[in-house]
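Indexing begins at 1, ligand by ligand and atom by atom, following the structure's order.
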Amino acid sequence: MIYLNNKLVPEGKALISVFDHGFLYGDGIYETLRAYKGTVFMLDEHMDRLFRSASMIGLMVPQKPGTIKKAVYNTMEANRLDDAVIRITVSRGAGPPGLDPDLCPKPTFVIFASAFKKYPGQYYRKGVKVAIVNTRRNYNKALDPQIKSLNFLNNILAKIEAKKAGAYEAIMLNYRGYIAEGTISNVFFAGNNVLCTPSINTGILDGITRRIILDIAKELKIKTMEGNFRPEEIYNAQEIFISNTTMEVMPVTEIDNKKISPAPGKITKMLNRAYRRKVAGYIKGENKA
Ligand code: PLP
């Protein structure tokens, strides 16, 4: 069952117009969320980011946060899901071709959810390969990566390069040549007991997982540094990992064919465990919407 506009409909009936500006121009925004044992993790934070992205493109989300939260749970329930990945999409809606948002009187609002498919265990036991790609992250004064937009070609081009290089994830640099982020993840690296990650003003998405990891690191008294980092700095790192809502803390074993050993490293393991504890605590303490 899919939540479309304001009701649950069977997948076969969840149809949107070919004139939807989300389809025609990538004009819209989205969020990906994760539910553990029936509780949606960091629902309020995702809701805040959804509304922030929408406001950055002048899009009115057609539902109130409280209604959306209920709809997320209703969608999970209708599909009998406990461990799930949920996506909320809001597009500009259908209208005649043309870029003017005023052509579209009614945004399209969709929630779908599916069972969470575990990543292969070896991604966590051994790590994944990443490659620094030539595709640069969108210049943030052109299309700000803080907008979680439906326009993903920048990331898709980077992903194509990564695949060609035999890597699981791409690491993009920003227009100035500093490390930015992955195609769907934030990036961290550690050396000499300092955990480093590109600062938000390098032009990256303010990842919710990234923020949690930085908080956990502080709780664990791990020194953290957010800033502008050159590729040499990540090449020389003792540990690297990537993060997002579904991957959590995923170790990297190789960058541009340079082995990181041992992977996962000490800090990565500590953060991975602490992240899981954080999730477990959240599930116990959190009331459903
Ligand atoms: N960076 C990009 C470009 C992303 O698309 C994502 C998630 O989809 C992230 C980072 C990680 O964000 P979060 O931790 O909120 O899932």
Only heavy atoms of [X], strictly under 4.0 Å: list the atoms of ligand 1 that pass.
X    : value
R137 : 3 (C)
F152 : 5 (O)
N155 : 3 (C)

Any idea which protein heavy atom is nearest [atom], and the distance to it?
atom                    : result
atom 14 (O) of ligand 1 : T209 OG1, 2.6 Å
atom 1 (N) of ligand 1  : E181 OE1, 2.7 Å
atom 12 (O) of ligand 1 : G207 CA, 3.5 Å
atom 6 (C) of ligand 1  : I184 O, 3.3 Å
atom 16 (O) of ligand 1 : T245 OG1, 2.6 Å
atom 8 (O) of ligand 1  : K148 NZ, 2.8 Å

So is [X] close enough to ligand 1, meaning a heavy atom under 4.0 angstrom away?
X    : answer
R211 : no
T183 : yes
R34  : no
T32  : no

Side chains of [X] and [Y], donor plus acceptor under 3.5 Å:
X    : Y    : answer
S199 : N201 : yes
N244 : R210 : no
D256 : Y235 : yes

Determine whether the side chain, the backbone, both or neither of [X] has a heavy atom under 4.0 Å from any heavy atom of ligand 1.
X    : value
P145 : neither
L205 : side chain
E31  : neither

Q. Hey, does I212 have a side-chain heavy atom less than 4.5 Å from the side chain of M42?
A. yes

Q: Would you check if I234 and V187 make a side-chain contact, meaning some heavy-atom pair closer than 4.5 Å?
A: yes

Q.
Within 45 degrees of the ring normal and closer than 6.0 Å to the centroid, is that where the cationic atom of K159 sits relative to Y168?
A. yes

Q: Please say whether the positively charged group of R137, taken as NZ for Lys or CZ for Arg, lies over the ring of Y175, i.e. under 6.0 angstrom from the six-membered ring centre and within 45 degrees of the axis.
A: no

Q.
Would H46 count as a polar contact of ligand 1, with the cut-off being nitrogen or oxygen pairs under 3.5 Å?
A. no

Q.
For ligand 1, which is the ligand I care about here, please tell me if R49 has any N or O atom under 3.5 Å from one of the ligand's N or O atoms.
A. yes

Q) Any chance the rings of Y282 and Y36 have centres within less than 6.0 Å? A) no

**Q.** Ring center gap for F241 and Y275 short of 6.0 angstrom
**A.** no

Q: Could you tell me whether E31 and K148 have a side-chain N and a carboxylate O separated by less than 4.0 Å?
A: no

Q) Is it true that K278 and E248 have a side-chain N and a carboxylate O under 4.0 angstrom from each other? A) no

